[in-house]
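Here is how names work: the chains are called A, B, and so on, in the same order as the sequence lines, proteins then strands, and each is numbered from 1. Since we're looking at a predicted model, the values are computed, not measured.
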Amino acid sequence: MACAWPALPRGTPRASRSPPLSPTPRTGAAPRTPTALATLLPPPSAPSRPTPPFPTKRRARRRQKLLVGSAAEDENENDAAGNDDVLDIIGKTFSCVFCMKLPDRPVTTPCGHNFCLKCFEKWIHSGKKTCGTCCAEIPPKMAQLPRINSALVEAIRAAKVSRKAISTGSSAQYHYIWNNDRPNKAYTTERAKRAGNANASSGQIFVTIAPDHFGPILAENDPHRNIGVRVGETWEDRLQCRQWGAHFPHIAGIAGQATYGAQSVALFGGYQDDEDHGEWFLYTGSGGRDLSGNKRTNKEQAFDQDFMKLNAALRLSCLRGYPVRVVWSHKEKRSSHAPESGVRYDGVYRIERRWRKIGIQGKFKVCRYLFVRCDNEPAPWTSDDHGDRPRPLPNIAELQDETDITERNERPSWD
DNA sequence: CCATGCGCTGAC
DNA sequence: GTCAGCGCATGG
């Protein structure tokens, strides 16, 4: 398959479609009724109920209206004359030391000069150890792993597009009753105080999405700010990330249900087999680790992973083409695309392939997933003023000899 | 109910 | 730097 992405009509909003109420039991698993887990809470005037924690009645969700959403708005792309000056200034001030153009995936040296990521790597690989502008030394650490300067990315993008007012629509009229008793930040119970935030409990959940909501978090589910969770939004830690709904589990890297699908994944560098290329990456399933001794995690593989539980959730999302939210942590130490600090929401991806292989550790099998970005908003590391467009699938070397492969075989779940 | 989970902290 | 091990949230 040369191109896995169907050509979407230009300007078609591709976001926030909930899966069908009763997923067809293609996998043989019993379909779960979403409403069983979740009941819409009564309006504020109604008497409160302590549980369940989230309302999960699946309503038809409003189509997302994003920055680069509608065809009508696209017509205006060329009238940004007022921004030319800004772009000029940015171009002069921040241009790539190597190619002299506006940097693509910019990285910034401590001396304050910028490179495209690719140009920087070329520069380093050609043996250079100093900045091409001021000859200041480039720290070995940066030479080895340059991190994309997301602030500059933002600045360039802001100069490129004249931001249009976002129509917010009506905000959700309900919120979770149980939430009201919780503080704004993570907190520790009396019993857990000794270990501080290590044993913290989540604070309020600020967004009104159901815990099994697929796709982006829209303005209508953000009654506090009315903007939704935007690509690039960054939080201090997993608990804050949870509070804004991007990824609910506190420790686990996959949010999902075996018979329903996966809502989100976290890239934390916890699995050696993970491999990142920004717009696509290879993700490793969970499990296969010995958690005896009251551990929560363990780096060492102790047995094969199989497609049960969370790994099955990812497999189902792959089959159905559901959108999966992705958050990245600064703990992912091997990637230029990871944030410098905190946890960042990077938009929705689809899982195009799923297979298994012997892990890097050499003994046991791990579940593998090919994630490809598919979001209406540009990624935090690019200065593009548009979201993802169809692109060919990457060539995965480890897939050459693999026979047990699942491919996405339904059209992607976009509106 | 029990098992799992790519966190987090203080203590070395 | 390494390490143990806790509450909590979630799935089953």
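The side chain of Ser286(A) places an N or O atom within less than 4.0 Å of a non-bridging phosphate oxygen (OP1 or OP2) of dG5(B). Within the 4.0 Å cut-off from OP1 or OP2 of dG5(B), not a single side-chain nitrogen or oxygen of Arg242(A) is found.
Distance Phe303(A) CZ to dG5(B) C1': 12 Å, rounded to the nearest Å. For the pair Leu314(A) CG and dC6(B) C1', the interatomic distance rounds to 13 Å; values are reported in whole Å. Look at CD on Gln243(A): it is 14 Å from C1' on dC8(C), rounded to the nearest Å. Between the CG atom of Asn311(A) and the P atom of dG5(B) there is a distance of 8 Å, rounded to whole Å. Distance NE2 (His247(A)) to P (dG5(B)): 13 Å, rounded to an integer number of Å. At whole-Å resolution of the value, CG in Asp346(A) and C1' in dC6(B) are 16 Å apart. One atom, CG of Leu310(A), and another, P of dA9(C), lie 17 Å apart when rounded to the nearest Å. The nearest whole Å value for the distance from the NZ atom in Lys309(A) to the P atom in dG11(C) is 12 Å.
Comparing Thr297(A) and Gly256(A) by the nucleotide of DNA chain C whose heavy atom lies nearest to each, the residue mapping closer to the 5' end is Thr297(A). Toward the 5′ end of DNA chain B lies the nearest nucleotide of Lys295(A), the other residue of the pair Lys331(A) and Lys295(A) mapping further downstream. Map Gly287(A) and His330(A) each onto its nearest nucleotide of DNA chain B; the residue landing nearer the 5' end is Gly287(A).
If you run ring-ring contact (aromatic ring centres under 6.0 Å, His included) between Tyr349(A) and each of Tyr369(A), Phe281(A), Tyr283(A), only Phe281(A) comes through.
The six-membered or imidazole ring of Tyr322(A) lies away from that of Tyr260(A), with a centre-to-centre distance of 6.0 Å or more.
No N or O donor and acceptor, one from the side chain of Arg238(A) and one from the base of dG5(B), sit under 3.5 Å apart. With hydrogens and angles left out, the side chain of Asp274(A) and the base of dC6(B) share a donor-acceptor pair within 3.5 Å. Between the base of dG7(C) and the side chain of His250(A) there is a donor-acceptor pair shorter than 3.5 Å.
Using Watson-Crick or G-U wobble geometry with both donor-acceptor distances under 3.5 Å, dC6(B) finds no partner in any strand shown.
Residue Phe248(A) has its side chain nearest to dT10(C) when only dC6(B), dC8(B), dT10(C) are considered. Between dC8(B), dG12(C), dG5(B), one nucleotide has an atom nearer to the side chain of Ile251(A) than all others, and that is dG5(B).
Cation-pi geometry between Arg391(A) and Trp280(A) is not satisfied (NZ or CZ under 6.0 Å from the ring centre, within 45° of the ring normal).
With values rounded to the nearest 0.5 angstrom, Thr234(A) atom OG1 is found 13.0 Å from Trp328(A) atom CH2.
Applying the ring pair (Phe, Tyr, Trp, His ring centres under 6.0 Å) criterion to Trp355(A), with sequence neighbours excluded, gives no partner residue.
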